Chemist: 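The structure's right below; bear with me while I get my questions together.
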Amino acid sequence: MRAYLLVDVHDLLGYTANNRVDLQELAVAIRANAIMVAGLIESNLLRAVAFANWSAEDSSLPKETLAIFQSAGYETFDIKDSPSAKDCLLAEYFPPGHTPLSWLIMATTGNDLLTMLPKIDFSANSRIRLWGIDEATQDFGPLRDRVVLQRLDSLVGIQKIKNVAVYIDFENISISLNEQGHVVNLDHLINRMVSQAQAHGQLVKTAAYAPWGQRGALPPLVDSGGREVADEAPSRLMKANIDPVFHLPGKQSADIRIARDVLADADYPESGDVIILATGDRDFNDVINTLLQKRKTVVVWGVRGSTGRLLQEHPSLRLDYIDDFTDLRTHQSLSVVETEKDTESFIPSQWSSVIIQYFRLNSASPQKTITVDDLIGQLNDVGDVISWERGQDLVSQALSLGILTVQDAPGAIDMNFQHPIVDKTLLIVNRLARRVANTLSTRGWEYVNYGFLLKGIAMERDLDRPGMNESDQWRSHWIDCLVRERVLQRELVPHRHNPDDLVPVIRLPETRDTVSSSQPEAEAVSVDISAQKWKGVPPHQMYETDSDVARMVARIVISVQQFTSFRNFAWCPLGSLHRRLREYDGGMAFQNAVEYLLVNEMVSVNEYANPRSDYNTKGIELNESNPFVAALLAERDEFVRVLLSMYRNNDGITHEAVALQLNSNWDIGLWLSIMRSENVLNPLPGRSDQFSLFRTHHTVKLVADDDVEDIQQVAG
């Protein structure tokens with residue numbers, strides 16, 4: 001059985017260029033398919049001939065072409081020009097009187113070689129395959145029943161690499177996913193969309209359309225850790241080679257922009273063979289029909305429950321559901337996601353807006369119960385969201401995440417102070433606002449230079465946490481956030497040395513409806529909103545999260561009680577108290593401790609008439625009926641009683657000896673330190689870690705329930 005395969009190399013080069021097919025893969029696949037369809041037992045029974053103008057010095061053939069066909073098992077036949085190809089092939093391989101052929105296979109995209117078929121002798125049961133010719137205009141005569149026309153891309157192992165263009169109506173998709181109960185994990189969504197598109201071929205264009213940069217135009221976009229990343233969306237898309245295309249908010253704006261780009265791109269030769277439209281909008285039905293008329297393959301990505309009926313029922317397109325090829329979490333599961341990992345930079349997000357605006361409402365009406373509608377209205381008023389619907393999305397996900405909590409009253413909500421996002425946000429907001437207020441007050445300035453403020457924030461020790469206060473860029477993000485949320489005010493003012501040059505400065509708003517009521521004075525003690533997280537937390541539990549604050553709380557309570565009881569005063573000067581305890585203040589411990597005391601109604605801070613001054617003095621007054629205060633004073637009394645017992649037994653008072661008298665729950669070091677600072681204990685000269693008890697000390701006498709007159713007589 002004689003079988004021939006004739007391959008027009010020049011033709012195949014044009015085919016590979018137009019269809020993005022590798023030439024070597026094509027050469028191997030054509031020969032393998034020829035052996036298979038001819039039913040040859042051995043490959044050497046096929047005579048494969050690759051003909052081209054191999055010898056031309058100025059040949060358009062790439063240098064590696066000859067080696068490709070020879071290595072694939074072809075013999076190469078040189079022809080001078082295309083018009084003479086059929087005559088040369090007939091003379092060389094099919095001369096008059098040649099043995100009849102059983103199989104002839106020709107791989108060519110033109111009809112030029114078809115005229116040689118009547119001049120070749122075929123056996124009675126011969127077969128002819130023409131690969132690459134879609135249709136033949138000539139009549140094959142008696143051979144017509146033996147000829148089979150077949151496209152090259154239909155052969156086994158030959159597959160055209162199709163161009164794929166993706167147009168994502170991101171506003172429509174993100175809102176639809178959110179409405180169907182999915183959390184829009186941006187990174188996950190990007191990865192799955194790119195992977196799904198690449199399954200159709202080579203990506204030549206990917207664009208995502210949304211009102212990028214418009215605050216509150218999209219539902220919350222989060223990363224895998226639950227961190228809100230809407231502001232980072234354009235940069236994250238660009239890293240994935242997705243072009244973020246801006247359009248104004250609103251359905252009509254998006255539809256017009258996408259339709260215009262899709263139809264304009266479709267007319268270019270290098271445009272997508274496969275067009276993917278990620279949208280559920282039925283208004284794209286006309287665009288899809290136009291693409292189909294242009295012989296494009298159209299794929300629509302929709303969201304279940306949000307895809308138009310016309311798209312679902314369209315007979316000529318493929319409909320895939322995004323919720324099927326992604327693994328997005330639901331709102332119900334969002335609350336269990338680990339949020340804000342310490343290794344990640346904690347930057348402003350839409351959650352920041354929720355937290356700040358909640359406390360703006362709370363500051364305006366402290367006694368009023370805040371509802372979901374109140375908060376949505378506030379977010380809408382300040383421009384954090386562009387519509388009531390987007391506000392509902394934001395508040396709903398804040399509730400799912402656990403930032404907000406539902407109260408018993410209908411629609412009532414509260415802030416979850418234990419949530420890490422809330423804790424960090426309130427800390428940052430108040431430290432920055434307080435830094436501006438203190439700087440303006442101390443220096444008597446009208447405003448703070450932007451660069452000066454950056455340096456000041458860098459020195460805030462309380463912000464030295466993982467992911468916080470890490471660079472000027474981080475600090476700038478938060479200053480911009482506070483300006484946007486109206487906590488601070490930014491202006492451009494003339495440079496003092498060059499009035500023609502404007503420099504950015506930060507002021508406090510003229511109407512300070514901010515989230516913090518902090519006073520600018522150095523001894524300010526107004527309650528920081530972040531202190532609300534301590535409300536109702538017993539002092540001993542504070543050790544678990546804020547041990548420095550808990551220790552300072554104990555020092556303040558004991559010191560104020562001793563001062564007021566000894567002097568028979570209702571209050572203690574706050575300034576002198578701070579100076580007395582300054583050596584134990586690690587930065588903000590004193591301020592935070594006073595805020596803890598205030599929020600738990602353990603003390604009150606007011607301006608008091610000072611008998612030694614013409615001006616009022618800021619003072620702190622202890623509420624001894626408060627159970628937390630009573631517990632600390634009871635602990636103080638028990639510690640003093642242990643010291644009294646050791647004094648009476650003539651036992652040496654040391655850290656180790658006191659520890660033997662008390663259980664392991666006591667912070668012996670703290671209480672020994674308090675007793676020393678309050679002059680109840682004094683170190684013995686030359687004896688390390690050994691103290692003497694000041695037996696006639698006012699506090700010791702009160703605990704011992706001594707008769708004051710008797711003690712004074714003994715002392716005399």
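Only heavy atoms go into these numbers, but all of them, side chains included; no hydrogens, no water, no symmetry mates. Since the model is a prediction, treat every value here as computed from it, not as a measurement.
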Chemist: Minimum heavy-atom separation for Gln407 to Ile413, with atom names?
Modeler: CG-C, 3.8 Å
Chemist: Could you tell me the separation between the CH2 atom of Trp478 and the CG atom of Leu432, rounded to the nearest 0.5 Å?
Modeler: 9.0 Å
Chemist: What are the two closest non-hydrogen atoms of Pro538 and Tyr596, and how far apart are they?
Modeler: C-OH, 3.4 Å
Chemist: Roughly how far, to the nearest 0.5 Å, is CG of Asn362 from CG of Leu375?
Modeler: 11.5 Å
Chemist: Are any non-hydrogen side-chain atoms of Leu186 and Asp223 less than 4.5 angstrom apart?
Modeler: no
Chemist: Would Leu632 and Met602 count as a side-chain contact (heavy atoms from CB on, under 4.5 Å) here? Give the steps.
Modeler: CA-CA 11 Å; Leu632 285 171; Met602 298 168 70; 4.2 Å; yes
Chemist: Are side-chain heavy atoms of Phe246 and Pro234 found at a separation under 4.5 Å?
Modeler: no
Chemist: Looking only at heavy atoms, what is the nearest atom pair of Val640 and Met675, with distance?
Modeler: CG2-SD, 4.0 Å
Chemist: Check the pair Phe628, Val557 against side-chain contact (heavy atoms from CB on, under 4.5 Å), reporting the backbone distance first and the verdict last.
Modeler: CA-CA 10 Å; Phe628 291 173; Val557 169; over 6 Å; no
Chemist: Please find the pair of heavy atoms, one from Leu684 and one from Phe691, that lie closest to each other, and give the distance.
Modeler: CG-C, 4.0 Å
Chemist: Trp671 and Glu635: side-chain donor and acceptor closer than 3.5 Å?
Modeler: yes
Chemist: State, without any angle test, whether Ser345 and Glu470 hold a side-chain donor-acceptor pair at a distance under 3.5 Å.
Modeler: yes
Chemist: In Å, rounded to the nearest 0.5 Å, how long is the span from CG of Leu379 to CD of Gln392?
Modeler: 11.5 Å
Chemist: Would you say Asn185's side chain and His188's backbone share a donor-acceptor pair under 3.5 angstrom?
Modeler: yes
Chemist: Below 4.5 Å, heavy atoms only, C-beta onward: do Ile506 and Leu482 meet side chain to side chain?
Modeler: no
Chemist: Is it the case that the side chains of Gln397 and Asn178 hold a donor-acceptor pair, with the cut-off being a distance below 3.5 Å and no angle test?
Modeler: yes
Chemist: To the closest 0.5 Å, what do you measure between CE (Met552) and CG (Asn592)?
Modeler: 10.0 Å
Chemist: Are more than 12 heavy atoms from other residues, nucleotides or ligands located less than 6.0 Å from atom CG of Asn663?
Modeler: yes
Chemist: Just by distance, do the side chain of Glu678 and the backbone of Ile558 share a donor-acceptor pair under 3.5 Å?
Modeler: no
Chemist: Yes or no on side-chain contact (heavy atoms from CB on, under 4.5 Å) for Arg236 and Val229, after CA distance, side-chain angles and deciding distance?
Modeler: CA-CA 9 Å; Arg236 289 176 180 246; Val229 292; 3.6 Å; yes
Chemist: For Met415 and Val354, which heavy atoms make the closest approach, and how far apart are they?
Modeler: CE-O, 4.4 Å
Chemist: Could you tell me which non-hydrogen atom of Ala570 sits nearest to which non-hydrogen atom of Glu621, and how far apart they are?
Modeler: O-CG, 3.0 Å
Chemist: Side chains of Asp414 and Tyr358 only: does a donor on one sit below 3.5 Å from an acceptor on the other?
Modeler: yes
Chemist: Once you round to the nearest 0.5 Å, how far does OG of Ser349 lie from CG of Asp231?
Modeler: 8.0 Å
Chemist: Would a 4.5 Å heavy-atom cut-off, applied to side chains only, mark Arg431 and Ile457 as touching?
Modeler: no
Chemist: So Ser673 and Arg555, do their side chains get closer than 4.5 Å, heavy atoms only?
Modeler: yes
Chemist: For Asn191 and Asp187, indicate whether the former's side chain and the latter's backbone hold a donor-acceptor pair under 3.5 Å.
Modeler: yes
Chemist: Counting distance only, does the side-chain N/O of Asn416 pair as donor-acceptor with the main-chain N or O of Val422 below 3.5 Å?
Modeler: no
Chemist: Under a 3.5 Å threshold, yes or no: a donor from one side chain and an acceptor from the other, between Asn606 and Trp571?
Modeler: no
Chemist: Can you find a pair of side-chain heavy atoms, one from Asp423 and one from Gln418, that are under 4.5 Å apart?
Modeler: no
Chemist: For residues Arg486 and Pro509, determine if any side-chain heavy atom of one lies less than 4.5 Å from a side-chain heavy atom of the other.
Modeler: no
Chemist: Using a 6.0 Å cut-off, check whether atom CD of Glu446 has over 12 heavy atoms from anything other than its own residue.
Modeler: no
Chemist: Just wondering, do Phe452 and Val505 contact through their side chains at under 4.5 Å, heavy atoms?
Modeler: no
Chemist: Roughly how far, to the nearest 0.5 Å, is the CH2 atom of Trp474 from the CD1 atom of Ile479?
Modeler: 9.5 Å
Chemist: Angle class for the Phe694/His697 ring planes (parallel below 30°, perpendicular above 60°, tilted otherwise)?
Modeler: perpendicular
Chemist: Check this for me: does any side-chain nitrogen of one of Arg434 and Glu595 sit under 4.0 Å from a carboxylate oxygen of the other?
Modeler: yes
Chemist: For residues Ser396 and Asp393, is any side-chain donor paired with an opposing acceptor at under 3.5 Å?
Modeler: no
Chemist: Main chain of Ile674, side chain of Ser677: is a donor-acceptor contact present, judged purely on distance under 3.5 Å?
Modeler: yes
Chemist: Decide whether Arg484 and Ser353 meet the rule of one side-chain donor and one side-chain acceptor closer than 3.5 Å.
Modeler: no
Chemist: Could you label the plane-to-plane angle of the Phe566 and His698 rings as parallel, tilted or perpendicular, counting under 30° as parallel and over 60° as perpendicular?
Modeler: perpendicular
Chemist: Might you work through the side-chain contact (heavy atoms from CB on, under 4.5 Å) test for Phe170 and Leu189, ending with a clear yes or no?
Modeler: CA-CA 11 Å; Phe170 198 91; Leu189 192 60; 4.0 Å; yes
Chemist: Taking everything shown except Glu601 itself, do over 12 heavy atoms lie less than 6.0 Å from its CD?
Modeler: no
Chemist: Can any side-chain N or O of Asn623 pair as donor or acceptor with the backbone N or O of Val629 at less than 3.5 Å?
Modeler: no
